[in-house]
Structures are given as C-alpha cells and as structure tokens.
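Handing you this structure, nothing more for now.
Keep in mind it's a predicted model, so treat the numbers as computed, not measured. Residue numbering restarts at 1 for every chain, and letters A, B, ... go by the order of the sequence lines.
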Amino acid sequence: MMLLKIAWRNVWRSKLRSSVVILAIASGLIGGLASTAWMNGMADQRIESTFAIETAHIQLHNKTFNENFEITKTIDSTNYVLNEVRKIKGVKSATSRISIQAMASTASNNTGVTLIGVDKEMEKEVSMVYSKIDSVSGNYLETKSRVIPTIVVSKALAKELKLKLKSKIILTFQNYNGDLNGSPFKVVGIYKTDNSKWDKRFVFAKQSDLRRLASVPKDETHEIAILVDNYNEAKKISEIIQNKFPQIKSEDWAVIQPYTEMMTSYMGIMMYVFMSIILAALGFGIVNTMLMVILERTRELGMLMAIGMSGKRIFIMIMLETVFLSLVGAIVGEILSYTLIEYLGVAGIDLSSMAQGIESVGFSVVSYPKLDLYSYVEITIMVFITSVIASIYPAYKAVKLNPTEAIRSI
Amino acid sequence: MSVIKIKNITKTYTETEVPVHAVNGVDLEIEKGEFTAIVGPSGSGKTTLLNMIGGLEKPTSGNITINDTEIENLSSSDLIDFRLRNIGFVFQAYNLIPVLTAKENVEFIMSLQNIDKAEINKRTISLLESVGLGNRVNSKPTQLSGGQQQRVAVARALASKPQFVLADEPTANLDSVSTSQLLEIMEELNKKENMTFIFSTHDQRVVDKAHRIITIEDGKIISDVRK
Ligand SMILES: Nc1ncnc2c1ncn2[C@@H]1O[C@H](COP(=O)(O)OP(=O)(O)OP(=O)(O)O)[C@@H](O)[C@H]1O
Ligand SMILES: [Mg+2]
C-alpha cells in the first residue's frame, strides 16, 4: 500500500519530465491507434462493399462453370435450390443470376463484359448495386421499354464506350444453342461503386430478357448469390449447402476473394506490428527517463536501503513508478485517440485528391476510421507489458546501488 | 548488559592509491541505555565506525556482535532485515522521503515491518508528539525546517523499536537553537525509554550533552570518558 502511494507520488515529483514522457507515450499511441483505425476503416469498407456489391457471402455455381463461364454450365432447378437455401438458419437472402460473357460495342469502341441477368426485386436483397445509381443517372431497370431490352452499365464503362442514358449498346454473345447472337440494349441506369475495375466488367439486364435472348432453359441459371446474417459464419453455412447439393459448387467469400480474406487477417496483425514498433521506441525513452530518475535519487535510495528497505521492495517501487507513468500516458493517449477516431469516424477522411489511385484498387475515397473497444484494452495491456519490461533495468540498477556510497555522498 | 560488542575491528580501503586504514583496531562495548558521542577530527574514521556498527559496511577484520548476533555472518538480505528490526538511523541530511508527509515517513518504516495499522497509527502520533511535532504531522519535508526534519528522522528511527539509534552528525546542518532542541529530545527519549544513542559530532555543545565521550584519531580510540 505504502509502496503504491510512494510510487504514484514519485511520478508527479518532476512534473515537467513526467509530462514529457506522458506526452511522448500519448502521441505514440495517437499515431499508432489513429492509423490503425484508418486502415481498419478502409479495410472494413472494402470488405463490406465486396460483400454488398461483388461477392455476396456465398455463391453457388455449376461445378464446371468457373472454368470457361460457358453458358450451358447451369444450375438446374434454380427455384427449388433457392427455396431450400432460404430455409437454412443464418441465411438472410438469396438471388439467382444468369451470367453471360459478352462483347459490348458502340459506334466508338468495344470491350468484353460480363452480362448479368437479374431478378430485380430479389437482387436488391442481396446486392447493393441498385443503390449506386445517383438521381441523375437513371434507375435500376425500372424504365419500361417495349421495343428493346434495358441495361444498367457503370460510369467507367459508359465513359469508355461513350455511352449516355438512353444510348444504345450492342451485346454479342453465344447463346445456349451455340449460335452467336447480337442484341441491342438501351441504357437506363449508370452506376458507380468504389471499385472501378469491377465496374468496367459488369453490366446488368433483366433475367427474363436474357433468358429469352440467349435461349436459357426455364429454371436454369448460372449463379445463386447468398447473404448470411454474420459473415464469419459464411464458411459453415456454405458447407451445409454443399452437403445438401453435392452436384453444385458452393463457395464462401474467403474462397471467392482470397484477397479479402487476406486483408482481414492482415489488418489484425498490422496493428500489433505497428504498435510494437512504436512501443519499442517508447520503451527506450522510458528506460532512459527512469535511469535519470535513479541517478537523481541515489541518496534517497541509499537512505531507504540503509534504514531497511529490501531490494525487492526497491525493485517493486521503481517498477510501479514506471508502470504508473506509462499507464497515465496510455490513458491520456487513448482518450485523445478515441476522441479523434470517433470524430473522424463520423466526419470521414477525404482523399479526393488521390481518388484515382485509390479507386482503381477498390478502396473508397472517403474513409471512416474505426477501432473497436477491445483494441483499446489490448493497447493498454501492451503498454503495461512494455513498461514492466522497461522498468527492469532501471529497477535492477537501483537495487545494485551501494547504500554506504549513496549515503557518504551526502 | 551490552548491546554492542566490538572486537578488534579494522577497515582498510584498498581501492585508493595508498591503502587507507580508516578504522585501525577498535575494541568497544556499548551498554543498554548509554548516550554516547563519538568525536574526532575529520577523516578520523567516525563515519566508518558507525557504518560498520550499523551493518552498512563490513569490517576488514574483527567482529561486531549486536545482542548475540554476529552481523558479519549475515547475508546481505538478512542484514537489511536486521537493520530494519534492530537499528534506528539518523543521517546528516536526506533522511526523509520527500513525497511523504511527516506522519507517513514515520509510518513507512513500520509498514516495512508489517506492523498492523491501528498500532502504526497510535505509535506514529505519540512519536511525533514526543519530538514536538504533534501539530505538523501532515507537513511534507520541504515544508519543515532542517531541525524539524531531523526531529522527524529521530521519530522515524525510534518507530521500529530498535536496539539502538545511530546518528552520524545529526546536527551538522542545524543552527544552534535547532541543535539544542534536537539534543534535548534525544536526551529525553534516552531517559524516558532507556533508548541507546550513539552519535558522531564535531560540535562541542553536542559533546557536552553526552554521557560517554569516545574520541578517535587515525582510526584508533584515544580516549573513552564516562560522565
Ligand atoms: N569509500 C572509501 N574509499 C576510500 N577511502 C575512504 C572511503 N570512505 C572513507 N574513506 C577514508 O577513510 C577515512 C575515514 O573516513 P570517515 O568518513 O570515517 O571519517 P570521519 O571521521 O567520518 O570524517 P568527517 O568528520 O569528515 O565525517 C578518511 O581518510 C576517508 O578519506
Ligand atoms: Mg563522517
């Protein structure tokens, strides 16, 4: 008890020096935590948009579809499968898609695309692409057109092919019977996600239109996309589906997009690496400060040993003082970091000036840093461990002082 | 009954250019309740002798027995504990822990002995009263005069109920008023509690108060007078 009191008061003995150490620790933590939170936020947004737009959580295909994306490699009895899948616990929504490799051409240019035939209402429950069309860029296949089928393309593709709303675009593809087939579509919506590469690839039309144009038999589709309640359970649910439908291939997001999987685990490790480097640097600063403290208090420590304070108690006292000093720094740093991160988490960090570079790799321009409370606890523990380690050498030095020499220097 | 028995101790410092025989063959017995001054010119070996009696330095030869314990045979950690339980120290300066109040400084040494709280509290107040600081218990050392700080140090030295109190030039930094106050308090405690005091000094007025005066020169006792 007494040692705690002495150690705590000793922290405040040299206010200036302690404040410098506390501020150093605090700034280190702010730097580390804020950048971790920023990366976290970016990664999270990336992951969420990957799920919401690109991969969903689970995808079902014909076993050989992914080899050549052949139009004949379909899932049979789509509606039955859909219904069964929806019954599985943990499944939130599911939709079916026709997927055709096509050549998109306009008067000015042509490029390869993947033409997705969606059931508009069902699709909205799985994919957020519909929400990526702003008010001046049309709509998600709502416009009725008797004459020619409608299509939604991305802004990036529109630019490349010089398309505008209501423009016509010719899509050429092989139909189910193997014949080459070219059909005009009318652009009714232009979307834009954070991933411009993905955007250039995918165009969306009504499933019924494509079924007719490509002669895809009734109840056959190429893909079933599924969202689950908790993305961490995707793997488990995917296995359940796989067991139920051995003739179909079921894959969860980590398999479809290994990059996303890598990023989630990478971000976790990143924080430790980052913080370890910062804390190691701070640790040396703490060691140095405590050595100065011991030098200054040589006589006092000598007196304490002379009157009967054991080496063990001296050691504990120095260690406690180091830990207190560091934890005060940690708490100050964490409060400031929390405030900053929460603020930026709402306000966002806007990197418009670097927008092209970021979007081409699929990150959004405005990111919202975030850090869960658990990370703060972890950081506190890391600072605690650092300070205990940093205190060992100074405390050892203190214990090794010779009391008579210390006293004679009076 | 003698509290301290010293048999032919010497202390030679060899890490100097020429070996220094700081204490050079001292035989001495100190009885319970004695009030002893050790005097002698600077460099005569007073501090060295007191440090050896207090178990802070090991003699080069000879032995010191304190209440049947031969202290040179104790391991260094046993020695720390021995000092804590048997010897009260008052140094010339830097006696107190600056971040603790007068009361806490006195309590501190008892908390090292694991004495229970109620006992600590009672004893602390009565000790501080007996050194005339009953009204300054919550002052920090920096808020006290040099003389008051030395009085707290005396109270602290007594708190652990030691066999004797060693004081190396306790008045060296004090003015004459504080010096005589401190001496009176020590004398009083010596009389009332039969506490053994051994102190070194340069100050003739301090010497005059002592009941036994041991004079050393060049590490040897040249006179030992009881009044
Ligand atoms: N650690 C040491 N190393 C070498 N010599 C020392 C050491 N400590 C003391 N001495 C020497 O031992 C001798 C006795 O010193 P000591 O401090 O005991 O004298 P003192 O009587 O207390 O003097 P003062 O009245 O000045 O305090 C001196 O010559 C001193 O220089
Ligand atoms: Mg001396």
*Is it the backbone or the side chain of A/M2 that comes under 4.5 Å from a heavy atom of chain B, or both, or neither?*
side chain

*Of the backbone (N, CA, C, O) and the side chain (C-beta and beyond), which part of B/S77 lies under 4.5 Å from a heavy atom of chain A, both, or neither?*
neither

*asked:* To check you understand the geometry: which heavy-atom pair defines the closest contact between A/L33 and A/I341, and what is its length?
replied: O-CD1, 3.7 Å

*Any salt bridge between B/R205 and B/D203, counting N to O under 4.0 Å?*
yes

*Is chain A contacted by the side chain of B/E104, its backbone, both, or neither, given a heavy-atom distance below 4.5 Å?*
both

*Are B/F91 and B/F89 an aromatic pair by the rule of ring centers under 6.0 Å?*
yes

*Quick one: closest heavy-atom pair of A/T380 and A/Y376, and the distance?*
OG1-O, 2.7 Å

*Is any side-chain N of the basic residue among B/E119 and B/R123 closer than 4.0 Å to the acidic one's carboxylate O?*
no

*Tabulate, in ascending numerical order, the residues of residues 4-18 of chain A having at least one heavy atom closer than 4.5 Å to a heavy atom of chain B, or enter 'none'.*
A/K5, A/I6, A/R9, A/N10, A/R13

*Measure across B/I87 and B/I53 and return the closest heavy-atom pair with its distance rounded to 0.1 Å.*
CD1-O, 4.0 Å

*Identify which part of B/N51 has an atom lying under 4.5 Å from any heavy atom of chain A, answering side chain, backbone, both or neither.*
side chain

*Pick one of side chain, backbone, both or neither for B/L96, based on which atoms fall under 4.5 Å of a heavy atom in chain A.*
backbone

*May I ask you to say whether B/K46 pairs ionically with B/D168, meaning some side-chain N is under 4.0 Å from a carboxylate O?*
no

*asked:* Nearest 0.5 Å, please: how far is CD1 in B/I216 from CG in B/N24?
replied: 11.0 Å

*What part of B/R156 lies closer than 4.5 angstrom to a heavy atom of chain A: side chain, backbone, both or neither?*
side chain

_Assess, by modelled atom type and distance only, whether the side chains of B/R85 and B/Q113 contain a donor and an acceptor separated by less than 3.5 Å._
no

_We want to know whether B/Y13 and B/E57 form a side-chain donor-acceptor pair, criterion being a heavy-atom distance below 3.5 angstrom._
yes

_Please classify the contact between B/I97 and chain A as side chain, backbone, both or neither, with a heavy-atom cut-off of under 4.5 Å._
both

*Measure distances from A/R297 to the heavy atoms of chain B and classify the residue's part below 4.5 Å as side chain, backbone, both or neither.*
neither

